Number of protein chains: 2
Amino acid sequence: MAEQTTGARPTLEAVAARAGVSRATASRVVNGGAGVRAPLVDKVRQAVEELGYVPNLAARTLVTRRNDAVAVVIAEPEFRIFSDPFFQEQVRGISRELTAHDSQLVLLWVESPGDHDRIARYLGGGHVDGALAFSLHDEDELAAVLRRAKIPTVLGGRPTDGIGPAMPYVDCDNRGGAREAVRLLVDRGCRTVAHLAGPRDQTSAADRADGYRDALGDPDPALVGHGDFTAESGARAMAELLDRRPDVDGVFAANDLMASGALRVLRERGLRVPEDVAVVGFDDVASIAERTDPPLTTVRQDIEGMGRLMVRLLMRVLNEHGSGAPAPDPLITPTTLVRRASA
Amino acid sequence: MAEQTTGARPTLEAVAARAGVSRATASRVVNGGAGVRAPLVDKVRQAVEELGYVPNLAARTLVTRRNDAVAVVIAEPEFRIFSDPFFQEQVRGISRELTAHDSQLVLLWVESPGDHDRIARYLGGGHVDGALAFSLHDEDELAAVLRRAKIPTVLGGRPTDGIGPAMPYVDCDNRGGAREAVRLLVDRGCRTVAHLAGPRDQTSAADRADGYRDALGDPDPALVGHGDFTAESGARAMAELLDRRPDVDGVFAANDLMASGALRVLRERGLRVPEDVAVVGFDDVASIAERTDPPLTTVRQDIEGMGRLMVRLLMRVLNEHGSGAPAPDPLITPTTLVRRASA
DNA sequence: GAGAGGCTTGAGAGCGCTCTCTGGATCGTC
DNA sequence: GACGATCCAGAGAGCGCTCTCAAGCCTCTC
C-alpha cells in the first residue's frame with residue numbers, strides 16, 4: 001500500500017518482495033509464467049495486482065533489444081492521404097496485424113525538412129523495431145532518412161528504381177490487373193480502348209499503363225490521357241480524349257476516382273455506359289465503385305490484406321535481421337476483376 | 001571502422017575510448033557539451049561521426065525518466081476525424097509545438113475494445129511522457145484507460161462532467177463566441193433568431209447552444225433545430241425549422257458545415273441571404289466558410305493555436321508532475337467574429 | 001537405496017546511459 | 001609564492017529489467 005501512495009512506480013523488486021520470491025521468478029511470471037509452479041504464479045500475480053505494477057518498458061527494451069513497436073512513417077505531402085480511403089484501409093490492415101503480433105503502431109509524421117533529423121534520431125535511437133513507409137520516390141528525402149537510420153523497413157508500393165539498394169515491398173499486381181481489365185474490354189467487343197493514366201512518377205500508375213500496352217500490343221499514343229488520380233483529372237482527361245478520338249468505345253482508368261470523373265463526362269456528352277463506351281477502373285474502393293452510375297467494373301486489390309502483408313514481411317525481416325539472410329523478395333498480391341455494370 | 005562492420009551499434013563506451021576520454025565526458029558532449037573544453041568536445045564529436053554513434057534511447061530513458069515523446073490517442077469512432085480539417089489543423093499545431101519542445105509525436109490508434117489493454121500497457125509502460133486526447137465522453141472507455149495508466153494527460157475540448165476528477169483541457173470560448181454571433185444577428189435587426197444545434201452529447205455543441213440562449217433571454221424552444229455537425233443534418237434541421245417557423249430571419253448554426261447545409265436549403269426555398277435570413281456559423285474552417293454562397297460570417301477559433309496550447313499545458317503538467325501542484329486550470333481561448341456576406 | 005536426470009528457483013551479471021561526487025589542474029589574489 | 005576559489009574530467013553507482021548459470025529438490029530407474 002505504501003508503494004501506491006508514494007508517487008514512485010513499483011518495480012519488479014517490490015513485486016518479488018511482496019510475493020516472497022526472487023526477482024527472476026517474478027519476471028518469469030510477468031512474462032507468461034512458463035516454468036513456474038502454480039502457487040507461486042498466483043502469489044506473484046496477486047502482488048502485481050495489489051501494487052498496480054506495470055513493467056518499465058525502457059528497462060525491458062534495454063536488455064531484450066525489442067520494442068514491440070513499429071513505426072509507420074508518413075511524409076507531409078502525403079498527409080492528405082489520411083482522407084484517402086485507400087490509405088485508411090491499408091493502415092487498418094497494418095494495425096490489425098500488428099496487434100496480432102503484440103506490437104504497437106507508432107505513427108510518425110514528417111512535416112518539415114527539419115523534422116528529418118528528429119525522425120532519424122527517433123528511428124535510429126531504437127524506439128521501434130522497424131518501419132513501414134509508402135511509395136518512395138527518387139527525390140524522397142524520407143528514403144535517405146530510412147536508410148541512414150539503418151532500421152528494418154518495408155514499403156507499401158514499389159519504389160522507383162532510383163531509390164538505391166532494394167528495400168522489400170508489398171504491392172499488388174498492377175500490371176497484370178491492368179492487362180486483365182483491358183482484355184475484358186477487348187473481349188466484350190471494344191475496338192478502340194483508351195487509357196486514363198495516373199501520375200507518371202508513381203510506379204503503380206506506370207505499371208498499370210504498361211499493363212494496358214501489354215494487352216493491346218502497340219496502341220495509338222493518342223489513346224492515352226493523363227491525370228493525377230483525382231476525379232477532376234479523370235474528367236478532364238476523358239473530355240480531351242473524346243475530342244481527340246471520338247471513336248473511343250472502351251476506357252480503362254488508372255483508378256476508381258478517375259473512372260468516376262470519366263463517367264460523369266461521358267454522361268454529360270450523352271454517351272451511354274456501357275453501350276457506347278465501356279469503362280473499367282482500378283482499386284475497387286467500395287465508397288466509390290459501388291456508388292457510381294452505373295456501378296463500376298473495376299480491378300480489385302486486397303488493400304487491407306496488403307497492409308497485413310507489410311507487417312508480416314517486416315516481422316520476417318526482423319527475425320532474420322543479423323542472420324545475414326538476404327533482403328526478402330517483394331510480395332506481389334494478385335488482383336481480381338469485379339464485374340459490375342460499367343463494362 | 002571495425003565497429004561499423006560488426007552489426008552491433010557503437011556504445012558511448014566505444015565513442016569515449018576512441019576519443020580518449022571517459023564515458024562521462026563523452027556523455028556530456030553528446031548532450032550539448034556544456035562544461036567541456038573545446039578540444040575535447042571536438043575529439044568526441046569526431047568519434048561520434050566516425051563511429052556513426054546514435055544514443056540508445058531506452059538506456060537514456062531508463063535513467064532520465066524522460067522520453068521526449070508524447071502520445072496523441074485517437075479512438076476508432078473518431079478515426080474519420082482524420083478527414084476533418086478541424087482535426088488536421090489541431091494536430092498540425094500539436095506537431096509543431098512538440099517539435100519546438102524537441103519532442104516526438106506518437107500517434108496511437110485505438111481500434112477495438114481489445115486494444116485498450118495494449119494501449120494502457122503502452123502508455124503506462126513509460127514509452128511516452130504524456131498523452132493528448134480529444135473530447136472525452138462519460139461512456140468513453142478511453143477516459144478510463146488514460147486514468148488507469150496514470151499518465152499526465154491534456155484534453156482537447158471540455159470533457160463531459162461525468163468524466164471524473166478534473167483533467168486539464170484546452171477549449172475555445174464556445175459560449176462566449178455563440179453569444180457574440182447571436183448578438184450580431186440581433187444588432188443587425190433580426191427579430192426571430194433560430195439555432196441549429198449540434199449533437200447534444202458534445203460539450204462544444206451544448207456550450208454554443210447555451211450561448212445562444214444567453215444572448216436571447218428565453219427563446220422559443222421551437223426555434224432550436226438539432227443536427228450532428230454534418231452539412232446534411234444542417235440542411236434537414238433548417239428545412240424543418242422553416243416549416244415550423246417561417247418567420248425566422250436569423251440563423252446561428254453550431255458549425256460551418258451545418259451552416260453550409262442551411263444556406264443550401266434557404267437558396268432552394270428562394271430566400272435571400274442575408275436580406276431575408278442572415279446566417280452565422282462557427283469554426284471558420286477556410287475550406288468551407290470562404291466557399292459558401294454567400295461567404296459565411298462565422299465565429300473563428302484559432303484551431304492550430306489550440307493544438308499548440310495543448311502541448312504547452314502538457315509540458316507544464318509534466319514539469320509540475322510530482323511536485324504536488326494541483327492540476328492546472330483549463331485554458332480557454334477567445335473567439336473572434338469574422339464578418340463576411342452571410343450576416 | 002543410490003545415482004541419473006528433470007524441474008524449479010535464486011543469485012548475480014550486465015544492457016547503455018546519466019549524474020553525483022571527488023580529485024586534480026588552473027586561475028586569481030594578497 | 002602560497003592559499004583559496006573555480007573549473008574540468010573521471011570513477012562509479014545505479015536506473016529496472018532479463019537471462020544465464022548453478023544449486024536444490026524430486027522423481028524415476030535399476
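Computation of the quantities below employed the complete heavy-atom set of this structure, encompassing side-chain atoms and omitting hydrogens, waters and symmetry-equivalent molecules. Every value quoted in this text rests on a predicted model; they were computed, and no experiment measured them. All chains are named by letter (A, B, ...) in the order of the sequence lines, taking the proteins before the strands, and each is independently numbered beginning at 1.
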Counting side-chain heavy atoms from CB outward, which of C/dT18, D/dT18, C/dC15 is closest to B/N31?
C/dT18

Quantified as the angle between the terminal helix axes (five pairs each), what is the overall bend of the helix from C/dG1-D/dC30 to C/dC30-D/dG1 to 10 degrees?
40°

Atom pair CG/CG of A/L123 and A/L108 - distance to nearest 0.5 Å:
5.5 Å

Report the distance from atom CZ of A/R9 to atom P of D/dC15, rounded to the nearest whole Å.
14 Å

I need the CG-P distance between A/L57 and D/dG16, as an integer number of Å.
14 Å

Counting only side-chain heavy atoms from C-beta out, which of D/dT18, D/dG10, C/dC17 sits nearest to B/T11?
C/dC17

Tabulate atom names and distances for all N/O pairs under 3.5 angstrom spanning the protein and nucleotides 11-13 of chain D.
{"residue": "D/dA13", "atom": "N6", "partner": "B/R23", "partner atom": "NH2", "Å": "2.9"}

Which residues in residues 36-44 of chain B have at least one heavy atom lying under 4.0 Å from any atom of DNA chain D?
B/V36, B/R37, B/L40

Between C/dT18, D/dC17, C/dC17, spot the one nearest the side chain of B/N56, thanks.
C/dC17

Within less than 4.0 Å of OP1 or OP2 of D/dT18, is there a side-chain N or O belonging to A/S27?
yes

Check A/R45 with A/E49, please: is the shortest side-chain N to carboxylate O separation under 4.0 Å?
no

Should the pair A/E304-A/R92 be classified as a salt bridge under the 4.0 Å nitrogen-to-oxygen rule?
no

Starting at atom CZ of A/R60, determine the distance to atom C1' of D/dG16, rounded to an integer number of angstrom.
11 Å

Identify which nucleotide among D/dC17, D/dA9, C/dG16 has an atom closest to any side-chain atom of A/Y53, counting heavy atoms from C-beta outward.
D/dC17

